[in-house]
Chemist: 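Got a structure for you, questions after.
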Protein chains: 2
Amino acid sequence: MVTATRGRPRSFDRDAALDKAIRLFWRRGYEATSVRDLTEELGIGAPSLYSAFGDKQQLFTEALRVYDERYGGFIDRALADEPTAKGAAARVFAEAPERYTRRDLPTGCLIVSGDAGTASTEIIEHLRRIRDSKVDAFAAKIRADIDAGRLPAGIDPRALGRYTMSALTGLAQAARDGVTRAELDRVAEIALRAWP
Amino acid sequence: MVTATRGRPRSFDRDAALDKAIRLFWRRGYEATSVRDLTEELGIGAPSLYSAFGDKQQLFTEALRVYDERYGGFIDRALADEPTAKGAAARVFAEAPERYTRRDLPTGCLIVSGDAGTASTEIIEHLRRIRDSKVDAFAAKIRADIDAGRLPAGIDPRALGRYTMSALTGLAQAARDGVTRAELDRVAEIALRAWP
DNA sequence: CCAATTTTATAGCGATCGATAGAAAAGGTG
DNA sequence: CACCTTTTCTATCGATCGCTATAAAATTGG
């Protein structure tokens, strides 16, 4: 879309700047990332940032949305592609260690730790809702497998879904603590063994 | 120790004030807890706080130490009391849900989330070291069980220890997200099944 | 009572926070 | 060219951050 508009043209690539903001929020979290940090990293002045992205909270919200599809989407893809819940869990645990320790990208997961140390209840609630939605998605796929007889009837879909996302949270946190990809691979392999 | 000292006596109970500080740091983390929050919660002025506890970082360090023995010590106790590593893991997973959702106490764990959103590398390193030490402790007990033939020789002590603490981290984070004690109980039960 | 000592309350320090006012700059449109 | 619109840069704003100087209050020792 190259709609010719009047006025002075923007001097920076909005999407490239957003990606830099994503990585900064990813690395430090919402609260520890100051507007000054952002303007320096993005190479633009504060008024340009506010004009292009609204305020800090709006920028974070947009960064979250793009992060979820650009960097964090492997969970949703596993749930969509794999035919069974356990297959999705196996794939997620197989991919997570690499996802959480990528070179030239921050460690861990923005959705897991982005709201850490934040006073804003809005930010916390927003991230909690995203996290809960992943538990719901896993629980739904587990329930479908139980109904189809692919999983024993005795298990609790919500608890198993919560366990899976909870174990991923632990992996992401361990990655932030500097645990290597190789060790995370072994931890993830153990985590999968809890599945029936 | 009631050594009669000269000068105006302290008007507050230092240990009671420290406990209030622990709970405040526990609830909000190091960075999101301001000195003003502390002085209001503890009911003392800023100079009294600095005189009694040093600066904010020293107060946090002392709060961490006391928290670890007063509220977080159930992991060390399980490792010390239970004869086997798996017994310690079973007990830790059995106790954690209640520990992370106590009434009249903040949810989750200070050592897991206290450094969240903090810029200070000192604080982050300090907490990472405490977390790593628990992994070491678990790994050592696992290794002892392997040597004694109580666990199969094929397993990786460090990975299994890391998994256990990582799963606990996930439970603590879930508790912070408002997951109920009952659901955490079921999640913890699943987490234990990963153990050989 | 009068010093000496320690803690208290009051007030404010410089730095940084998120956010913005105002004017200059850079483009299209006539 | 002049005019309109939008973005840019510069320079802040009030609020809050961690922290402290100063002096009054409260105790012990003489």
Side-chain angles (χ1 to χ4, degrees), chain A residues 1-18 20-21 24-25 28-63 114-124 126, chain B residues 1-18 20-21 24-25 28-63 114-124 126:
Chain A
M1 186 157 89
V2 204
T3 51
T5 55
R6 314 234 306 209
R8 178 171 175 173
R10 180 174 286 136
S11 66
F12 61 94
D13 183 336
R14 190 184 185 279
D15 192 66
L18 178 60
K20 285 182 183 172
L24 209 51
F25 281 131
R28 307 192 192 173
Y30 176 76
E31 197 72 24
T33 303
S34 70
V35 172
R36 190 191 178 114
D37 292 334
L38 288 163
T39 60
E40 285 177 0
E41 180 73 19
L42 274 54
I44 62 178
S48 298
L49 187 150
Y50 280 83
S51 163
F53 299 106
D55 59 11
K56 184 187 172 185
Q57 182 162 334
Q58 286 178 289
L59 171 56
F60 183 72
T61 301
E62 186 172 353
D115 62 337
T118 307
S120 160
T121 55
E122 286 184 59
I123 297 284
I124 294 174
H126 187 181
Chain B
M1 185 159 92
V2 204
T3 53
T5 55
R6 313 233 308 206
R8 178 171 175 174
R10 180 173 284 137
S11 66
F12 62 94
D13 182 337
R14 190 183 186 279
D15 192 68
L18 178 59
K20 285 182 184 172
L24 208 50
F25 280 131
R28 306 192 194 172
Y30 175 76
E31 195 72 25
T33 303
S34 70
V35 173
R36 191 194 179 114
D37 292 335
L38 288 163
T39 59
E40 287 177 358
E41 180 74 18
L42 274 55
I44 62 178
S48 298
L49 186 150
Y50 279 83
S51 163
F53 299 106
D55 60 10
K56 183 186 172 185
Q57 183 163 333
Q58 286 178 286
L59 171 55
F60 182 72
T61 301
E62 186 172 353
D115 61 338
T118 307
S120 161
T121 55
E122 287 184 58
I123 297 285
I124 293 173
H126 186 182

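Values reported hereafter were calculated over all heavy atoms of this structure, with side chains retained and with hydrogens, waters and symmetry mates removed.
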Chemist: Is the distance from OP1 or OP2 of D:dT7 to the nearest side-chain N or O of A:S48 less than 4.0 Å?
Modeler: no
Chemist: Roughly, in whole Å, what's the span from OH in A:Y50 to P in D:dT8?
Modeler: 15 Å
Chemist: Is any side-chain heavy atom of A:D55 closer than 4.5 Å to one of A:Q58?
Modeler: yes
Chemist: Would you mind checking if A:E62 and A:R14 are paired as a salt bridge, meaning a charged N to carboxylate O distance below 4.0 Å?
Modeler: yes
Chemist: Hey, could you give me the CG/CD1 distance between A:L38 and A:I44, rounded to the nearest 0.5 Å?
Modeler: 8.5 Å
Chemist: Compare the minimum distances between each of D:dT20, D:dC17, D:dT7 and the side chain of A:R8, then state the nucleotide with the smallest one.
Modeler: D:dT7
Chemist: Starting from the 5' end of DNA chain C, give me the residue, B:F12 or B:G7, whose nearest nucleotide shows up first.
Modeler: B:G7
Chemist: Please tell me which of B:Y30 and A:G45 maps to the more 5' nucleotide of DNA chain D, matching each residue to the nucleotide holding its nearest heavy atom.
Modeler: A:G45
Chemist: Rounded to whole Å, please give me the gap between CZ in B:F60 and P in D:dC17.
Modeler: 17 Å
Chemist: Could you tell me the separation between the CD1 atom of B:I44 and the P atom of C:dT10, rounded to a whole number of Å?
Modeler: 14 Å
Chemist: Between B:R10 (CZ) and D:dT27 (C1'), how many Å, whole number?
Modeler: 14 Å
Chemist: Please classify the nucleic acid contact of B:A52 as base, sugar-phosphate, or nothing, using heavy-atom distances under 4.0 Å.
Modeler: nothing
Chemist: Report yes if at least one side-chain N or O of B:S34 is closer than 4.0 Å to OP1 or OP2 of D:dC17; otherwise report no.
Modeler: yes
Chemist: Check the distance between D:dA26's C1' and B:R6's CZ and give it to me in whole angstrom.
Modeler: 13 Å
Chemist: Just checking A:E122: does its CD atom have more than 12 heavy atoms from other residues, nucleotides or ligands closer to it than 6.0 angstrom?
Modeler: no
Chemist: Rounded to the nearest Å, what distance is computed from the NZ atom of residue B:K56 to the P atom of nucleotide D:dT16?
Modeler: 16 Å
Chemist: Using a heavy-atom cut-off of under 4.0 Å over every strand shown, decide if B:T33 touches base, sugar-phosphate, or nothing.
Modeler: sugar-phosphate
Chemist: Whole Å only: how far is the CG atom of B:L49 from the C1' atom of D:dC17?
Modeler: 14 Å
Chemist: Would one find a side-chain N or O of B:S11 under 4.0 angstrom from OP1 or OP2 of C:dT7?
Modeler: no
Chemist: Please evaluate residues A:T118 and A:D115 with respect to the criterion side-chain hydrogen bond (donor to acceptor under 3.5 Å, both in side chains), reporting the C-alpha separation (whole Å), side-chain torsions for both, the decisive distance (0.1 Å), and the verdict.
Modeler: CA-CA 6 Å; A:T118 307; A:D115 62 337; over 6 Å; no
Chemist: Mapping B:P9 and B:D55 to their closest nucleotides on DNA chain D, which lands nearer the 5' end?
Modeler: B:D55
Chemist: C:dC17 C1' sits how many Å from B:R36 CZ, rounded?
Modeler: 15 Å
